[in-house]
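Worksheet: one structure, shown below.
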Amino acid sequence: MPGGTSGGEATPPHPGPGGPGSPIEFRLDAASGVPTHLQLVHQVEHALRLGYLKPGDQLPKVRDVVASLAINPNTVLKAYKELETKGLTAGRPGQGTFIPATLSQVALPELTTLRRSLSGWLTAADEAGLDEDGIVALFTSALRDFFERRSGSRTHGGAAGGGTEGVA
């Protein structure tokens, strides 16, 4: 998330186009195949999970997002409506859209340690010759396997065969 990426991630908290009350600046990845409004929704969800957005923070005003990304206002409104439906934001007429709660699951010191560890893994993957798509495929496969094993261990008998262990 820090330092905007081409992956359509929002930048971390700092006064963005919405001014001091908007600690998130949206980025779009036209090549991702993900609809624009969903990219905005995902960026807010990620920022909440990582603690970049906190209760009381304000999302950028629709007009500011439209101006900075050159997109249709209805696209931003659709994203903000979806976030509100999920209970992640609350609109205040005439004031803007605010964060009432957080999805942060891990304290910031733990996130720093995990990020450092992940950066080391990414360096090793790069040195092994994987490009970005290969890294994403390997990580996605390992993540899927992890959750299949975890959910299988909570039920009887474990996960069904045909897993993707070792598949990139």
Side-chain angles (χ1 to χ4, degrees), residues 1-119 121-122 125-126 130-144 146-147:
M1 182 114 8
T5 68
S6 62
E9 293 185 11
T11 59
H14 63 78
S22 302
I24 187 170
E25 183 177 341
F26 294 113
R27 306 268 186 223
L28 295 179
D29 181 1
S32 72
V34 177
T36 302
H37 79 283
L38 287 180
Q39 288 187 49
L40 301 179
V41 169
H42 294 160
Q43 288 172 49
V44 170
E45 290 172 337
H46 291 174
L48 284 166
R49 279 190 183 87
L50 295 173
Y52 293 143
L53 285 173
K54 296 177 177 41
D57 284 345
Q58 181 179 7
L59 294 184
K61 295 191 182 305
V62 172
R63 70 175 176 268
D64 295 328
V65 177
V66 168
S68 69
L69 300 178
I71 58 176
N72 189 307
N74 290 330
T75 301
V76 182
L77 290 169
K78 185 175 182 179
Y80 282 16
K81 181 67 175 167
E82 185 167 333
L83 289 163
E84 192 167 344
T85 300
K86 290 181 170 193
L88 302 177
T89 62
R92 297 183 196 158
Q95 295 180 6
T97 302
F98 294 83
I99 303 296
T102 183
L103 291 178
S104 183
Q105 300 169 335
V106 181
L108 285 179
E110 287 83 4
L111 283 177
T112 300
T113 302
L114 289 168
R115 185 176 191 76
R116 196 173 297 126
S117 175
L118 183 56
S119 290
W121 181 86
L122 290 168
D126 181 58
L130 289 175
D131 63 3
E132 184 177 350
D133 290 336
I135 289 171
V136 169
L138 179 60
F139 181 84
T140 302
S141 173
L143 184 65
R144 184 175 43 249
F146 171 80
F147 282 108

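All residue numbers in this chain count up from 1 along the given sequence. When reading the values below, keep in mind they use all heavy atoms of this one structure, side chains included, and skip hydrogens, waters and symmetry mates.
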Note to self: Check whether T85 reaches the backbone of K81 with its side chain - one donor and one acceptor, N or O, closer than 3.5 Å.
What the structure shows: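 Confirmed, T85 side chain pairs with K81 backbone.
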
Notebook entry, point to check: Under 3.5 Å, side chain of S119 to main-chain N/O of R115, donor-acceptor pair present?
Noted result: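 Yes, the answer is positive, given that a donor and an acceptor are paired below the 3.5 Å cut-off.
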
Enter the distance from [X]:[atom1] to [Y]:[atom2] here, rounded to the nearest 0.5 Å.
{"X": "H42", "Y": "R49", "atom1": "NE2", "atom2": "CZ", "value": "9.5 Å"}
{"X": "T140", "Y": "R144", "atom1": "OG1", "atom2": "CZ", "value": "7.0 Å"}
{"X": "E132", "Y": "D126", "atom1": "CD", "atom2": "CG", "value": "11.0 Å"}
{"X": "L38", "Y": "T75", "atom1": "CG", "atom2": "OG1", "value": "10.5 Å"}
{"X": "L122", "Y": "F139", "atom1": "CG", "atom2": "CZ", "value": "8.5 Å"}

Note to self: Taking the side chain as everything from C-beta on, heavy atoms only, tell me whether H37 gets closer than 4.5 Å to I71.
What the structure shows: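 Of all side-chain heavy-atom pairs linking I71 with H37, none is under 4.5 Å.
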
I need the minimum non-hydrogen distance between [X] and [Y], along with the two atoms involved.
{"X": "L88", "Y": "P100", "answer": "O-CD, 3.2 Å"}
{"X": "Y80", "Y": "V65", "answer": "OH-CG2, 3.7 Å"}
{"X": "P60", "Y": "I24", "answer": "CG-O, 3.4 Å"}
{"X": "Q39", "Y": "D29", "answer": "OE1-N, 2.8 Å"}

Side-chain polar contacts of residues 92-99 - donor-acceptor pairs under 3.5 angstrom, sequence neighbours left out - could you list them?
none

Check: Considering residues at least two apart in sequence or located in another chain, which fulfil the side-chain hydrogen bond (donor to acceptor under 3.5 Å, both in side chains) criterion with K86?
Finding: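 For K86, the residues satisfying side-chain hydrogen bond (donor to acceptor under 3.5 Å, both in side chains) (neighbours in sequence not counted) are E45.
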
Check: Which of these passes side chain to side chain contact (heavy atoms under 4.5 Å, CB included) with L69: T36, L40, D64?
Finding: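 Considering T36, L40, D64, a side chain to side chain contact (heavy atoms under 4.5 Å, CB included) with L69 is found only for L40.
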
